[in-house]
Amino acid sequence: MHELLHTSPWFPRISPHAQQQVCACTQVRQLMAGEALCRRGDVPLHWYGIISGLLKWSTTTADGHAISYGGMSTGSWIGEGTLCCDLARPADIIALQPTVVVAIPRETFDWLCDTEPSFTRFLLRQISERMFWFIEGWGATRTLDAGGQVRRALAGLFHPWLFPHGPRHITVSQEEIANLAGVSRPRCNRALKELEQLGILKLEYGGLTVLDLDELRRLAST
């Protein structure tokens, strides 16, 4: 918890008193693979930061079709939109692997918004970055093939603002990547093999290592 807070862009900028308040009320929660951090329709009670692991943001349609909106990896902070707008959670947030998160109570989140200008500026940037990412994603679903969807899903796990401290090596299965990309596992496997042949990543047992993040980001936008 200490490392996540002190390496986050907002925590070092708030006052020492606010830092003490945050540390005093923040809780750590461990999730098993497949466990929900929160469900669609839940009343938001916390703002979450990811210490380790991988989460997906998804929902299920009335006919049972699962839709994944993206993944959230180490170093990210999630859930500010529903807290700011006082809305129910719009989707499920599920752990794709064992995951550890910190939970900051809603009361503390609101107090930071009211008393710490630097925190409010961080939230404006955070929400803007997320909005632009999803706008681009909306267009990508109409323009990218399966390989492009896989590249974009991978690049999203290394977003420079939303997931600033995500490690180059991630423990993630090809099935999990396919789920995040919204493609079949065979198509995902072909796309990952192509990236490996290009020297952009290295496939390993139970995960992968990104070797050329700049090139991955470039390909994800084409």
Side-chain angles (χ1 to χ4, degrees), residues 31-40 50 52-76 78 89-101 130 132-160 162-163 165-222:
L31 303 171
M32 298 183 295
E35 186 177 355
L37 177 62
C38 55
R39 291 288 187 183
R40 181 180 182 183
I50 303 177
S52 64
L54 182 65
L55 299 166
K56 71 170 181 177
W57 184 26
S58 65
T59 189
T60 303
T61 64
D63 60 0
H65 180 64
I67 301 174
S68 292
Y69 299 107
M72 295 159 287
S73 58
T74 301
S76 60
I78 58 174
R89 300 290 188 194
D92 301 326
I93 299 180
I94 309 295
L96 288 175
Q97 55 188 238
T99 299
V100 183
V101 303
R130 204 182 302 281
F132 287 132
W133 177 255
F134 280 108
I135 288 175
E136 292 174 356
W138 181 81
T141 59
R142 290 155 176 78
T143 59
L144 297 181
D145 58 13
Q149 296 283 15
V150 171
R151 293 193 295 272
R152 190 173 191 280
L154 272 180
L157 297 177
F158 302 93
H159 191 286
L162 298 176
F163 316 125
H165 303 297
R168 293 293 183 92
H169 173 80
I170 53 175
T171 303
V172 60
S173 69
Q174 293 189 20
E175 183 177 359
E176 291 167 346
I177 297 172
N179 195 351
L180 293 176
V183 303
S184 68
R185 183 171 179 177
R187 288 185 176 182
C188 179
N189 179 264
R190 288 198 296 271
L192 293 175
K193 293 284 189 183
E194 291 172 1
L195 291 173
E196 186 173 44
Q197 291 171 0
L198 292 172
I200 294 172
L201 58 80
K202 180 181 179 181
L203 296 176
E204 300 159 347
Y205 180 76
L208 59 85
T209 298
V210 175
L211 304 175
D212 191 339
L213 183 54
D214 290 338
E215 183 65 8
L216 174 62
R217 287 171 173 160
R218 188 189 71 81
L219 290 176
S221 62
T222 59

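When all heavy atoms of S58 and I94 are compared, the pair lying nearest together is OG-CG1, 4.4 Å. L31 and A95 make their closest contact through CB-CB, 4.0 Å (heavy atoms, listed as atom of the first residue, atom of the second, distance). C188 and I177 make their closest contact through SG-CG2, 3.7 Å (heavy atoms, listed as atom of the first residue, atom of the second, distance). When all heavy atoms of A155 and A220 are compared, the closest pair comes out as CB-CB, 3.7 Å.
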For a side-chain contact (heavy atoms from CB on, under 4.5 Å) check, start with the C-alpha distance between E175 and N189, then their side-chain angles and the critical distance, and finish with the verdict. CA-CA 9 Å; E175 183 177 359; N189 179 264; over 6 Å; no

Tell me, with the steps shown, if I93 and M72 meet side-chain contact (heavy atoms from CB on, under 4.5 Å). CA-CA 9 Å; I93 299 180; M72 295 159 287; 3.9 Å; yes

Run the side-chain contact (heavy atoms from CB on, under 4.5 Å) test on Q174 and L203 for me, step by step, so that the C-alpha distance in whole Å, both residues' side-chain angles and the decisive distance to 0.1 Å come before the verdict. CA-CA 10 Å; Q174 293 189 20; L203 296 176; 4.1 Å; yes

Determine, stepwise, if the pair L216 / L201 fulfils side-chain contact (heavy atoms from CB on, under 4.5 Å). CA-CA 9 Å; L216 174 62; L201 58 80; 5.5 Å; no

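Between atom CG of residue L211 and atom NZ of residue K202 there is a gap of 8.0 Å, rounded to the nearest 0.5 Å. Taking CD from Q97 and OG from S73, the interatomic distance works out to 9.5 Å, rounded to the nearest 0.5 Å. Of the inter-residue distances, the one linking R89 atom CZ with I78 atom CD1 reads 7.5 Å to the nearest 0.5 angstrom.
Contact annotation: the side chain of L154 approaches that of L192 to within less than 4.5 Å [non-hydrogen atoms, C-beta and beyond]. Looking at heavy atoms from C-beta onward, V210 lies out of side-chain contact with L157 at the 4.5 angstrom threshold. Between P90 and W57 the shortest side-chain heavy-atom distance falls below 4.5 Å.
Side-chain N or O atoms of T99 include one that pairs as donor or acceptor with a backbone N or O of L54 at under 3.5 Å. Judged by distance alone, the side chain of R151 and the main-chain N or O of L195 form no donor-acceptor pair under 3.5 Å.
Within 6.0 Å of atom CZ in R217, more than 12 heavy atoms from other residues, nucleotides or ligands are found, so the atom counts as buried in its surroundings.
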